[in-house]
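Below: the structure, in structure tokens.
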Amino acid sequence: MEKMDIDRDTESGGENGAAEKKHSAAIMVVLVGAPGSGKSTFCDQVMRASSRPWVRVCQDTIGNGKAGTKAQCLTSAATALKDGKSVFIDRCNLDIEQRADFMKLGDSKVEKHAVVLDLPAKICISRSVKRTGHEGKLQGGKAAAVVNRMLQKKELPKLSEGFARITFCQDEKEVQAAIDTYCGLGPSDSLPSGCFGQKSSNAKVQLGIMKFLKKVDPVGDAGPVASTVQEHIPDQENKDKNSNQGAEDGTSTSASASKDVKNGEDLDSSSTCAAGSSYNVPTLAFPSISTADFQFNLEKASDIIVEKVEEFMNKLGSARLALVDLSSGSKILSLVKTKAAKKNIDPNKFFTFVGDITQLYSVGGLRCNVIANAANWRLKPGGGGTNAAIFNAAGPALESATKERIGSLAPGKAVVVPLPSSSPLFSREGVTHVIHVLGPNMNPKRPNCLNNDYVKGCKILSEAYSSLFDGFASILRTHREFSKENSEDQFKSQDQQGRGAQNGDQKVKREAAFEPERSKKYKSFPKELGPNTKCPLDTSNNPERKDEKHTTKTWGSWAQALYDIAMHPEKHKNDVLDTSQDVVVLNDMYPKSQKHLLVLARVEGLDRLADVSKEHLPLLKTMHAVGLKWAEEFLNENESLIFRLGYHSVPSMRQLHLHVISQDFNSKHLKNKKHWNSFNSLFFRDSVDVIEEVSQNGKATLNDDEKLLAMELRCHRCRSAHPNIPRLKAHIGSCQAPFPSFLLQNVRLVCTPGKMQIGS
Ligand code: AMP
């Protein structure tokens, strides 16, 4: 059996990197942020999803898993860059001096980016104080003091330091957008240069911070918070300080924090109207429909645009609409602008923009996640205007994604097409969806000419804009369900309004309207306690988790089956494949892949991953070994299989069980988003990682956010997005892309020796 153990973290080398080397110019991303700002999570998420080889250089682990020095980080980063790998510098890097040495690394081809996780101090402090098992041991009460102290010395990065690109993130949403940007960056892709997002006002200390410090509930080793404020500096930072290599605690003597925002460094200063300060605001850019090639009357068209925009305003939430035209002398733009102003339409929510709709971000600095295409009825490339430009810029990915959804379009209709990440419009411009719209035609040389019948024409044009905006609303709704930021009420009537858009976007809506079955099940079995049922999340089993806030959950009778089998395998002889004192092995009754086994622990009271503590380490290792043995057996029968072994962060069935699952996901039982994401998101915890975490921290990390199960459907190999399960299955049936580097590390995947398609 081949172990695909590509270096996990701070070391360089490995086949994967060498193989990728030829494709790409490496990038070095210097993360800038206080402890608790999410730097490691950022790296982790990108490394899991990215098809580009990344190396994370972290001072907390650089010395064989232990804290090391800045010099070690510099050496490690230099080696990785030389190997053609992209690198994350995962340190606080809060002042210029700290960053300067890293900026000297690599040759001129290496692009240097900064990602600033400039979250409110309160959040960073709260997270640092509460965390346990931190790599750099910066946790508990001492963390509050250190974070506070570091932030006082914060100096935001500038392009003049040598960065080609700086991304400022001030909240979780912006952080996620930046993660998505880097996740989508293929081996040969690059990102536009410049500053993105907004710089904070650089307030050094949050008002009322001492009040907050007194309130936090320190975990672990620190004494009263107030007494630690002056004293505690993390170990490795002390080391650096003593060795004069520049500590991250802000003890360096560099200039104090700068408030400068140089002209040209900020998005705000370079673009028109509401383009600035908009890094992550969902935005639909649309051309005027029917007024170019279809020769629709401009006055009438502008009335309809303004009327429809006005109607849609109250459903927009924080999103925006932009009417785009190539020419600054555009008549339709000026008509719409004047009429919108007369109606007092909020210019921050609706504005006109002069630019090429296929280069809004890279050239215009206007970030639009959705663009509309004034399409032809065949939904084919060609013709002129936006249709030709958009199909051209998007590459063949758009044509095939469109074809997958729908064959043709009737006048007045729109269809939402999720753009595959392979499209340059996706990677370069950040466009995730194209909405094709077909308007009425008044041009006798084009099909379906209405011969100046403006009664019909206006009706169809109104319908076209309704369909377009409803399509955008369906995308917004997905966004909102992820972020739960805005109230659902705004979109209550959306299902009815969505009727204009053809079936494609209705599917998006259905996918978006996800409610985890799991929670439904739990709701419907609140009191069905079996004789051995207890509340698995009362944390009584795992003292390490006593401090954590868990909801109490009961197991319904339907969830007891695995427990019964583990306790009484002799009663289930037909189902059980193997039994020992410690484990029972059986086929999953609803396999989500060709091969899908469960290895059940036979310990009473060990219901789920949350119950696992250090004492269970030998059992976890046994479960893993048994799982591997069965994977090997299957590989002897079918050498093309690839296996992954792991646990669900929150299982639906009682009794700790390890999933041994082949990666084809070729099964009729894999039916919905929850099924897919439970095996293909952070929700799935690889057995190797669980073992490592339990041995180090006495517990496993649970990624139990339900949003993970509601994420869009992405191929587990190439990470392309798909609108629904059938489409995803059709894709994964033939996708031969290498697995993301995260999966290639640490023997997370198990396959037949010589199966090079995984890592090649
Ligand atoms: P989890 O969500 O990790 O608890 O996964 C539970 C697994 O148990 C799912 O993959 C189910 O398909 C599977 N399952 C449910 N009931 C049974 C059963 N009676 N026998 C075997 N597997 C089952």
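Sequential numbering from 1 along the given sequence is applied to the chain's residues. Atoms within each ligand, like the ligands themselves, are counted from 1 in listed order.
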Proximity to ligand 1 by part of H669, non-hydrogen separation under 4.0 Å: neither
- request: Answer yes when D689 and R748 have at least one side-chain N-carboxylate O distance shorter than 4.0 Å, and no when they do not.
  value: yes
field: Enumerated ligand 1 atoms positioned under 4.0 Å from heavy atoms of L586
entry: 21 (C)
query: Looking only at side chains, do D664 and S662 share a donor and an acceptor under 3.5 Å apart?
result: yes
message: Please tell me whether S40 and R56 have a donor and an acceptor in their side chains that are separated by less than 3.5 angstrom.
response: yes
message: I'd like to check whether M653 has a polar contact with ligand 1, where a contact means an N/O of the residue lying under 3.5 Å from an N/O of the ligand.
response: yes
query: Within the structure, does N587 bring an N/O atom to less than 3.5 angstrom of an N/O atom in ligand 1?
result: no
query: When rounded to the nearest 0.5 angstrom, what is the spacing between SG in C43 and CD1 in I179?
result: 9.5 Å
- prompt: Of all the atoms in ligand 1, which lie at a distance below 4.0 Å from a heavy atom belonging to H659?
  reply: 1 (P), 3 (O), 5 (O), 7 (C), 10 (O)
query: Mind checking whether R654 has a heavy atom under 4.0 Å from ligand 1?
result: no
message: In this structure, is the centre-to-centre distance between the rings of F665 and H716 below 6.0 Å?
response: yes
message: Which of the numbered atoms in ligand 1 are under 4.0 angstrom from any heavy atom belonging to L598?
response: 8 (O), 22 (N)
message: Please report whether ligand 1 has a polar contact with M589, defined as an N or O pair separated by less than 3.5 Å (distance criterion only).
response: yes
field: Where ligand 1 meets A561 - atom numbers and elements under 4.0 angstrom, heavy-atom basis
entry: 19 (N)
- prompt: Looking just at side-chain N and O atoms, do D180 and Q176 make a donor-acceptor pair shorter than 3.5 Å?
  reply: yes
- request: Indicate yes or no: does an N/O atom of K592 lie under 3.5 Å from an N/O atom of ligand 1?
  value: yes
message: So if I count the atoms of ligand 1 from 1 in the order they appear, which ones are less than 4.0 Å from some heavy atom of H596?
response: 10 (O)
- prompt: Atom CG of L702 and atom CZ of F683: how far apart are they, to the nearest 0.5 Å?
  reply: 9.5 Å
- request: Applying ring pair (Phe, Tyr, Trp, His ring centres under 6.0 Å), name anything that partners H657, two or more places apart in sequence or on another chain.
  value: H659
